Student: 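This structure is in structure tokens; I'll ask about it shortly.
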There are 2 protein chains.
Amino acid sequence: MSTEYSGGGDLTFSLKVMWGGREKPTRGPKPGLSVERIVQAAIQVADAEGLAALSMRRIATELGVGTMSLYRYVPGKNELVDLMLDAAYGEDLEPDKTPEQEAEALREKGWRAGLEKIARGAWALHLRHPWILQVSQARPVLGPSSIKGLEIALRVLDGIGLDEFEMMKMITLVDGYVTGTARIIVEAGRAAQQTGVSDEQFWQAQEPFMMRLLDDGRFATLRRIADAGVFADVSGGDPSDGDGFEFGLQRVLDGIEAYVNAGPGGRGAS
Amino acid sequence: MSTEYSGGGDLTFSLKVMWGGREKPTRGPKPGLSVERIVQAAIQVADAEGLAALSMRRIATELGVGTMSLYRYVPGKNELVDLMLDAAYGEDLEPDKTPEQEAEALREKGWRAGLEKIARGAWALHLRHPWILQVSQARPVLGPSSIKGLEIALRVLDGIGLDEFEMMKMITLVDGYVTGTARIIVEAGRAAQQTGVSDEQFWQAQEPFMMRLLDDGRFATLRRIADAGVFADVSGGDPSDGDGFEFGLQRVLDGIEAYVNAGPGGRGAS
DNA sequence: CATAACTTCGTACACCGTACCCAGTAAGGG
DNA sequence: CCCTTACTGGGTACGGTGTACGAAGTTATG
């Protein structure tokens, strides 16, 4: 399932498709499909039924074409997933605005508010497209949308006293936090759909083993946590409320803010 | 590729195997294999060749047995992956020590140092077993090792003024950060092995597209970052040095520390 | 109008997880 | 002692996957 870039020679093809560098053919019949249509169909399937249900045959059926026709537009499944990723990343961007304009709008209330908005956007994106977390992203795809998003984030952090390396590290930090937390929360929420086992069945099956543990004194803290209803929240409630996410995000931003406020003098030599 | 718990009825079986609740059979031939041996072989394959190369046939070949023999010990591939996960989580734990003892050792230099150690351990774990990031973890498997790890982490944070929900959120925060960052860094580093394309080939293919962008004034900040050599670090250097990881971890811990120091009075009503 | 470029897509292959089933083995009961 | 019963090992087969190949149809160009 990992992104493998198949043949290797297709890499250039894949990049060309992503960046719109494909020249239109003059001869032959007009293409009945388009990369965009295929990507959209694929995203729809993945959104609704998960990445496991995404197969070339499935997409082709959805579009009413033969399976192999897809390969006239996309070199392979891995490349298609790359394109899906970049398309998803692009959803939050406004194509008519330059990175400068978008960053300016985000910075209106300061860099912290801007970074917060970016993080929330990314969080919402993962809720909308849970399959993003399942794709391997073996190598940064560097499509136009992800590049633009990076530029915007960099501009939001620009001019507040961080050097280039620090700016990038801050972005890695926030992105890492968002995707990591999304992984935990989102996937727990999605499980019920994906699995034939319902949430109740699952926790019921776990219960006897859990109980034996909770009665064991060695796990007293865990028991206290459980009694406080922390897990009831996780297993029962709607995970998309993002309660834990918001909390952690503020801690992360606090940490960044403290670093920024300390200034170059207040920190050790880089 | 997502963990699906196959039939559903096998869930109990899976849990029993994980928790060691299987009673030994009396009749019939002695089993020539064991769950542990299978799990170890599977982890070896996954470590060396990635999760994509992990197939039941491959594991069976590795062990010199027929493919279907594996199903005498493990209900299916998904359950096997669950077992692999818990086995990996257990590597950092000392079976002879109680959670209290391990937590005590971690807290020796304070809760922050303890949390730091836990985070570093998890980070190293992901470097050692990159495939962990590829498995879906649709539902928390709650094997003995992950439970014990949770108990230890909770004990490290216990008694410093956080309520039960806050303690759990802090753990989610740190875990989210570690896994998220690992996802970014580790997978970028692993890519070269997995792919037929070398790093040089990859960046060379990207270059023309990148260049066009970097000359565009709209991506001026990105250009500055690139010129500063930030990406050279990512693409060339050894990703396992964890430079960015350590930096972000300190920010995260700063954020937590600030929250803890503020005390119940210094924070808004929960 | 022949040709070359381009489309669509059926067939085929290697690989996957695993259901089913039968043969072989070892302990318990008579 | 043997027969029954429980168990292990594993071959075969089925329905799925990604995709290589090539045949057949379509269209603009020389």
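Every chain is numbered from 1, with letters handed out A, B, ... down the list of sequences. None of these values were measured; they are calculated from a predicted model.
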Student: Atom OH of Tyr71(A) and atom C1' of dC21(D): how far apart are they, to the nearest Å?
Tutor: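 Those two atoms, OH and C1', are 13 Å apart.
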
Student: Could you check how far CG of Leu33(B) sits from P of dG9(D), rounded to whole Å?
Tutor: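 Nearest whole value for this atom pair: 6 Å.
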
Student: Write down the distance between CG (Leu70(A)) and C1' (dC9(C)), rounded to a whole number of angstrom.
Tutor: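 Rounded to whole Å, this separation is 10 Å.
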
Student: Could you tell me the separation between the CE atom of Met56(B) and the C1' atom of dG10(D), rounded to a whole number of Å?
Tutor: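 It works out to 13 Å between those atoms.
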
Student: Heavy atoms only: give me the nearest His129(A)-Ala88(A) pair and the separation to one decimal.
Tutor: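 Between these two residues, the closest heavy atoms are CD2-CB, 4.0 Å.
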
Student: Base, sugar-phosphate, or nothing: which does Gly28(A) touch, judged by heavy atoms less than 4.0 Å apart?
Tutor: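 Answer is base: heavy atoms of Gly28(A) come under 4.0 Å of a base.
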
Student: Nearest whole Å is fine: how far is dT18(C) P from Leu54(B) CG?
Tutor: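 Distance check: Leu54(B) CG to dT18(C) P gives 11 Å.
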
Student: Given atom CD1 of Ile59(A) and atom P of dT19(D), what is their separation to the nearest angstrom?
Tutor: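 Value for this atom pair: 11 Å.
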
Student: Can you give me the closest heavy-atom contact between Arg183(B) and Arg183(A), atom names plus distance?
Tutor: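 Closest approach of Arg183(B) to Arg183(A): NH1-NH1, 4.0 Å.
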
Student: Both Lys30(A) and Arg58(B) contact DNA chain C. Taking the nearest nucleotide for each, which residue is further toward the 5' end?
Tutor: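 Mapping each residue to its closest nucleotide by heavy atoms, the 5'-most match is Lys30(A).
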
Student: Can you tell me if Arg27(B) touches the phosphate of dT25(C), counting only side-chain N or O atoms and a distance under 4.0 Å to OP1 or OP2?
Tutor: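 Answer is no, no contact under 4.0 Å.
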
Student: Among the nucleotides dA27(C), dT26(D), dC9(C), which one has an atom lying closest to any side-chain atom of Val65(A)?
Tutor: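 In terms of side-chain proximity for Val65(A), the closest of dA27(C), dT26(D), dC9(C) is dC9(C).
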
Student: Check whether any side-chain nitrogen or oxygen of Tyr73(B) sits under 4.0 Å from OP1 or OP2 of dG9(D), and answer yes or no.
Tutor: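 For dG9(D), OP1/OP2 do have a side-chain N/O of Tyr73(B) under 4.0 Å.
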
Student: Which atoms form the tightest heavy-atom contact between Ile59(B) and Ala42(B), and what is the distance?
Tutor: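 So the two residues come closest at CD1-CB, 3.8 Å.
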
Student: dT25(C), dA20(D), dT17(D): which one has an atom nearest the side-chain heavy atoms of Ser55(A)?
Tutor: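 Of the options given, the side chain of Ser55(A) lies nearest dT17(D).
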
Student: Using a 4.0 Å heavy-atom cut-off, does Ser69(A) contact any base of the nucleic acid, only the sugar-phosphate backbone, or nothing at all?
Tutor: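 Here Ser69(A) touches the bases of the nucleic acid.
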
Student: Identify which one of Met84(A), Gln44(A), Glu49(A) satisfies the side chain to side chain contact (heavy atoms under 4.5 Å, CB included) criterion when paired with Leu54(A).
Tutor: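 Only one option passes, and that is Met84(A).
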
Student: Give a yes or no on whether a donor-acceptor pair under 3.5 Å exists between the nucleobase atoms of dG17(C), that is its base, and the side chain of Arg57(B).
Tutor: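 In this structure, the two groups form a donor-acceptor pair.
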
Student: Starting from C1' on dG18(D), measure out to CG on Leu51(A) and report it in whole angstrom.
Tutor: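 About 14 Å, once rounded to whole Å.
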
Student: Between atom CZ in Arg72(A) and atom P in dG25(D), what is the gap in whole Å?
Tutor: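 One finds 17 Å between P of dG25(D) and CZ of Arg72(A), rounded.
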
Student: Between Tyr89(B) and Gly149(B) (side chain of the first, backbone of the second, donor and acceptor by atom type, cut-off under 3.5 Å), is there such a pair?
Tutor: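 Not confirmed, Tyr89(B) side chain does not pair with Gly149(B) backbone.
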
Student: Among dG25(D), dG18(D), dT11(C), which is the nearest nucleotide to the side chain of Met68(A)?
Tutor: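 It is dT11(C).
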
